[in-house]
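All heavy atoms count here, side chains included; hydrogens, waters and symmetry mates do not. Naming: A, B, ... by sequence-line order, numbering from 1 per chain.
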Amino acid sequence: MLVDRILSNQEGSASRNFMISAIWWSLFAMGAGMFAGLEFSNPDLVHNVPQLAMPHLRMWHVNGVAIGWLSMGYVGAIYYMVPSLAKTRLWSERLGNFTMWAWNLLMVGAFCTLLNGVTEGREYAELCAVLDVMALVALACISLNVYMTIVHRKVKKLYVSLWYFLGALFWFPLVYLIGQRTFVYLPGLNDAIVGWFYGHNILGMWFTTVGVGMMYYLLPRTTGNPLYSHGLSMLGFWGIALFYAPTGTHHILQSPVPEWLKAIAVISSVFLLVPVLTVLTNFFMTMKGKWQLMVTDMPTRFTVTSCMFYLFTCVQGPFQATRWINWYVHFSQWVVGHAHLALLGTFSFILSAAIYYGLPRVSGRQWHSQGLIRAHWWLKFLGFWLMLASLTIAGLVQAAGWQFGIPIDQWSMQIRPYWFLRAISGIMIVLGQFIFAYNTYKTLYTPARAEAKARAKAQAAEVRA
Amino acid sequence: MYRAGALGVLITFFLIIWATVLMPMVLFNPKPSGNGNVYSYDEKAHADPARGRRVFVREGCFYCHTQFTRLQDRGYGPLVKAGDYVFETPHQLGTARTGPDLTNEGGKFPSEWQKAHLINPRAVKPGSIMPSFSYLSDKDMNDLVAYIQTLGNGREKKVTAYVEAPEEYKLALATKTVDTNSDAAANAGRGLYIQNCAACHGMEGLGNGPNSISLEKKPANFTRPFYKQYPDDFWFYRITEGVPGTRMPRWGDGATLADPRGGILTPEQRWYLVAYLKTLSKDRDREETVDNLRQLNKVKVEQLPILTKEQWEPPSGGE
Ligand code: HEM
Ligand code: HEM
C-alpha cells in the first residue's frame with residue numbers, strides 16, 4: 001500500500017530513514033563548506049552567481065550541517081537508541097516517518113531559500129518564518145514520540161543516555177522557539193543577547209547533550225564494559241544542565257551588553273570544565289582494558305576519537321571564554337577552528353559512530369565494506385587535523401593583526417596559504433563523507449553482494465580461528 | 001525519583017531563562033544615544049539606505065564584517081555605546097572579522113569607490129580577499145552603498161568630505177607653494193610623473209606600467225572616476241606616505257612635518273604631482289573599460305572575469 005511505503009510502520013524504518021537523509025544532506029552541506037573554503041583561498045573563483053556567493057554558501061553550510069546532517073542524524077540515532085534502552089518499540093513508527101518527511105521538506109526549503117539569500121540575518125537562526133514553524137512542529141512530533149516511548153517502556157530504570165535525550169528533547173524545542181525572533185521585535189542589543197542564548201544553546205542543549213548521550217550509549221555497548229560510575233554520570237548531567245545554558249553571552253563578550261551578563265557567561269563557561277571532566281573521566285575509565293578495540297572495531301574507534309575531540313573542545317572553550325584570551329582571539333579564524341573542532345570533530349564523529357553501530361541493527365544488513373569505513377575514518381581524521389591546524393594558525397595571524405592595529409591590507413595575503421590548506425582539508429573530509437554515503441548505499445540497496453561478502457568474511461574468520 | 005529529576009530539569013532551565021533572557025529584557029533597556037546610524041542620508045535622493053541595510057543582511061556581509069568597535073581597536077573611529085543599537089534589528093554585530101570593522105565606515109571612501117569595490121574588490125584594493133558582489137542589481141548596489149555611507153554618521157561629526165587626509169596634512173595645505181589647478185603645474189608634474197611613477201602606474205596612469213607585471217598588488221589606475229573626489233591634501237598625503245602593504249614608495253620618506261624639505265621628492269615636487277594626477281581622472285562614461293584596454297598595448301593582458309557593469313571594470317583586474 002502507498003501509505004505503508006511512504007509512512008512505513010516497519011520497526012526501525014524511521015530511524016533508518018532519518019540516518020539516510022542525514023547522510024544525503026551532509027553531502028550538500030559539507031560540499032557547500034568546501035566550496036566556501038575554496039572561495040576563501042581564491043576569491044575570484046566564481047562571479048555573478050548569487051547562489052554560489054560565499055556568504056550564501058556559508059549560510060546554507062551552517063544550517064545544512066546543523067539542521068540537516070547533525071540534527072537529522074541525531075533524531076535517527078535517538079529513534080534507534082531510545083527504544084533499545086526502553087526495551088520496547090518506538091511509540092509510533094508512522095509519526096516518526098511523518099516527521100522524517102516534514103524535516104526533509106524543511107531541508108529542501110532551507111536549501112532553496114538560503115542559497116538565494118532569503119535570511120533573517122541572525123547567525124544560526126537564518127531560516128525564514130515558515131521554515132521555523134515547520135521545524136517547531138517537527139520537533140514537537142519528535143518529542144511526543146520519544147516521551148510516549150518512554151511512558152510505554154518495559155524497564156523501570158532510566159539509563160543516563162535517556163536522561164540526556166529526554167532533557168535535550170525538552171530543552172531544544174523551547175530554545176528554538178525562543179531563538180526565532182521572527183514575531184517579536186527586540187531592540188538591537190537585546191536581539192543579540194537572545195540570539196546568542198539561542199546560538200549557544202542549539203550547541204549546548206542539543207548537539208552536546210544528545211552527543212554525550214550517544215557516547216554513554218555506545219561506549220558500554222561497543223566495548224562490553226559496564227559504565228564506570230553512575231554517580232559521576234549524574235554529576236555530569238546536572239553540571240551540563242546548570243552551566244551550559246547561561247553561557248550564551250560569551251560569544252559577544254566585547255560588545256556593549258551588560259557586564260553582569262558577561263560575568264555570568266564567563267563564570268559558567270569556566271565551571272563547565274567540571275561536568276566535562278567528570279563525563280570524560282567516566283568514559284575513559286569505562287574504556288579500561290578495552291583500548292585495543294580502537295584498532296579493530298570501527299564504531300569504537302569513531303567513538304573514542306570523538307571523546308578525545310570533546311576533551312580538546314572543552315578545554316579550548318573555557319580557555320577562550322576568559323576575558324583576556326577572548327580579547328585576543330575573538331573575531332579570528334581561531335573561533336571557526338573551535339566550531340569545527342566541536343561540530344566536525346566531536347559531534348560528526350560520534351554521529352558517524354552511531355550510524356555505523358545502529359544502521360546494521362535497524363536495517364538487518366552488514367556493512368558493505370570495512371575497508372571503506374577505515375578510509376572514511378582516516379580521511380576525516382587527517383583532514384580534520386589539517387583544518388584545525390590551518391585555521392588556528394590563520395586565526396593567530398589575524399588576531400595579531402587586529403591586536404597591533406595593522407590595517408588588514410597588510411596581512412590579508414598572509415593567511416591565504418592557510419586558507420588554501422583548509423580548502424584541501426575540506427576536499428579530504430568531503431571525500432570521506434562521499435565514501436561513507438557510497439558504503440551506506442551499497443549496504444542498503446545491493447543486498448546480495450553485501451551478504452555474500454559478510455558470509456565470506458565470517459568464514460574466513462572461522463578458518464583463521 | 002524521576003519526578004524529582006524532571007522537576008529539577010524544569011526548574012533549572014526556567015531559572016536560567018529567567019536570569020539570562022528575561023532579566024536582560026527588563027533590566028537592560030539602553031536609551032537611544034542619538035549616535036546610532038541614521039538611515040536617511042543626503043543621498044536619499046539617489047538611493048535608500050534603509051533598503052540597503054536589507055541588502056546587507058541578505059548578502060550576509062556580517063559574516064565577515066563586524067559592527068562594533070572595541071577598546072583595543074585602532075583606526076576604526078569612536079567607541080560604540082549600548083544606546084547606538086536601539087534601532088538595529090536584526091542586529092549586525094557579527095562574530096568574525098575577516099574584513100575590517102564597518103562601524104564608522106561611512107565617508108571613508110567615495111561612493112564610486114565603494115561601488116567599484118563591491119564589483120571587484122581587487123581592482124581598487126590590490127590583494128583584497130573580499131568576494132566580488134558583481135551580481136547585485138544597480139538598485140541593490142546603490143542602496144547598499146548608501147547604507148555603507150551612513151554607517152557611523154550619527155557618531156562622528158557629520159561627514160562633509162568623503163575623503164579626508166589626517167589632520168597634519170590639512171596643515172600642509174597652508175604651506176602649499178604650487179597652484180595645483182594651473183596647467184603649468186600639471187605640466188611640471190607630468191615630467192616628474194614620467195620619471196618616477198610611469199614605470200608602475202603606466203604612461204597614461206592606467207596602472208599598467210611595465211613593473212606592474214611583477215607586482216602582486218597592482219598599482220592604482222588614476223583614470224577612475226572616483227579620483228575626482230580626492231582633495232589636494234589627500235593626494236599629497238597618499239604620495240607622501242605611500243600605500244602601506246604595497247610597493248608604492250613613500251615619496252616623502254625622510255621628511256618630517258617640522259622640516260618638510262627632505263624626502264625622496266621635495267614637497268614642491270609632490271605638489272606638482274598632485275596637480276598632474278588630478279587631471280587624469282575621467283568621467284564615468286569616458287573611463288577606459290576593459291574592451292578598450294584590450295586594444296591598448298598592454299604589457300600583460302589579464303584574464304578578466306566577465307562583469308555585468310563594465311564601466312567600473314578594472315584595467316588590471318585579478319591580481
Ligand atoms: C560536519 C561537518 C561540519 C560542521 C558541523 C561544520 C560547522 C560549521 C559551523 C558551525 C560554522 C560557523 C563557524 C563560525 O561562525 O565560527 C562553519 C563555518 C564554515 N565551515 Fe564548516 N562545518 C563542517 C564541515 C566543513 C567542511 C568539510 C568545510 C570545508 C572546508 C567547512 C568549511 C567552512 C567554512 C569555509 C566556514 C565559514 C567560516 C567563516 O565564516 O570564516 N566546514 N562550519
Ligand atoms: C566547555 C565548553 C565550551 C566553552 C566554554 C566554549 C566557549 C566558546 C566561546 C567563548 C566561543 C566564542 C569565541 C569568540 O567568538 O570569541 C565559542 C564559539 C563556538 N563554540 Fe564553543 N565552547 C565550549 C564547547 C563547545 C561545544 C561542546 C560546542 C559544540 C556543540 C561548541 C561550539 C561552538 C561554536 C559552533 C562556536 C562558534 C560560534 C560562532 O561564532 O559562530 N563549543 N565557544
note = If one checks every heavy atom of B/Leu27 against chain A at 4.5 Å, the contacting part turns out to be side chain
task = Quick one: pull up CD1 in A/Ile193 and CE in B/Met23 and give me the separation to the nearest 0.5 Å.
result = 12.0 Å
key: chain B contact via A/Leu166 - which portion, at a heavy-atom distance below 4.5 Å   = neither
note = So, the part of B/Ala82 with a heavy atom under 4.5 Å from chain A: the answer is both
inquiry  = Looking at A/Tyr185, is its backbone amide N or carbonyl O close enough to the side chain of B/Thr89 to form a donor-acceptor pair, meaning the two atoms are under 3.5 Å apart?
reply    = no
key: Top contributor to chain A contacts, counting heavy-atom pairs under 4.5 Å, from B/Glu88, B/Glu59, B/Arg54   = B/Glu59
ask   = Tell me, side chain or backbone of A/Trp327 under 4.5 Å from chain B's heavy atoms, or both, or neither?
value = both
Non-hydrogen atoms of B/Ser128 and A/Pro43 that approach each other most closely = O-CG, 4.2 Å
message = Please report the interatomic distance SG(B/Cys64) to CZ(A/Phe40), rounded to the nearest 0.5 Å.
response = 5.0 Å
inquiry  = Is A/Lys157 in contact with chain B via its backbone, its side chain, both, or neither, using a 4.5 Å heavy-atom distance?
reply    = both
message = Ignoring hydrogens, what is the shortest heavy-atom contact between A/Ala245 and B/Phe13? Give both atom names and the distance.
response = CB-CE1, 4.4 Å
task = For A/Gly121 and B/Pro90, work out which heavy atoms get closest and say how close.
result = O-CB, 4.2 Å
note = Cut-off 4.5 Å, heavy atoms of chain A, and the answer for B/Thr66 is side chain
ask   = If you look at every heavy atom in A/Leu158 and B/Tyr2, which pair is closest and at what distance?
value = N-OH, 2.5 Å
task = Could you grab the distance from atom NE2 of A/His47 to atom OG of B/Ser134, nearest 0.5 Å is fine?
result = 5.5 Å
key: Contact check, side chains of B/Thr95 and A/Trp196, non-hydrogen atoms, under 4.5 Å   = yes
query = Is chain B contacted by the side chain of A/Val49, its backbone, both, or neither, given a heavy-atom distance below 4.5 Å?
reply = backbone
key: Proximal to chain B - members of residues 50-60 of chain A, heavy-atom separation under 4.5 Å   = A/Pro50, A/Ala53, A/Met54, A/Pro55, A/His56, A/Arg58, A/Met59
request  = Mark yes or no for whether A/Asn190, through its side chain, and B/Phe28, through its backbone, hold a donor-acceptor pair below 3.5 Å.
outcome  = yes
request  = Could you tell me which non-hydrogen atom of B/Thr98 sits nearest to which non-hydrogen atom of A/Gln398, and how far apart they are?
outcome  = CA-NE2, 3.9 Å
inquiry  = Which heavy atom of A/Glu123 sits nearest to which heavy atom of B/Phe62, and what is that distance?
reply    = N-CE1, 4.3 Å
ask   = What part of B/Ile129 gets closer than 4.5 Å to chain A, counting heavy atoms only: side chain, backbone, both or neither?
value = both
Can I get a per-line list of side-chain donor-acceptor pairs under 3.5 Å for residues 260-269 of chain A, giving both atom names and the distance, sequence neighbours left out?
| from | atom 1 | to | atom 2 | distance (Å) |
| --- | --- | --- | --- | --- |
| A/Lys262 | NZ | A/Leu253 | O | 3.2 |
| A/Lys262 | NZ | A/Ser255 | O | 2.9 |
| A/Lys262 | NZ | A/Glu259 | OE2 | 3.2 |
| A/Ser268 | OG | A/Ile264 | O | 2.5 |
| A/Ser269 | OG | A/His250 | ND1 | 2.8 |
| A/Ser269 | OG | A/Ala265 | O | 2.7 |

Spacing of NE2 belonging to B/His91 relative to CD1 belonging to A/Ile252, to within rounding of 0.5 Å = 7.0 Å
inquiry  = So for B/Phe56, is it side chain, backbone, both, or neither that comes closer than 4.5 Å to the heavy atoms of chain A?
reply    = neither
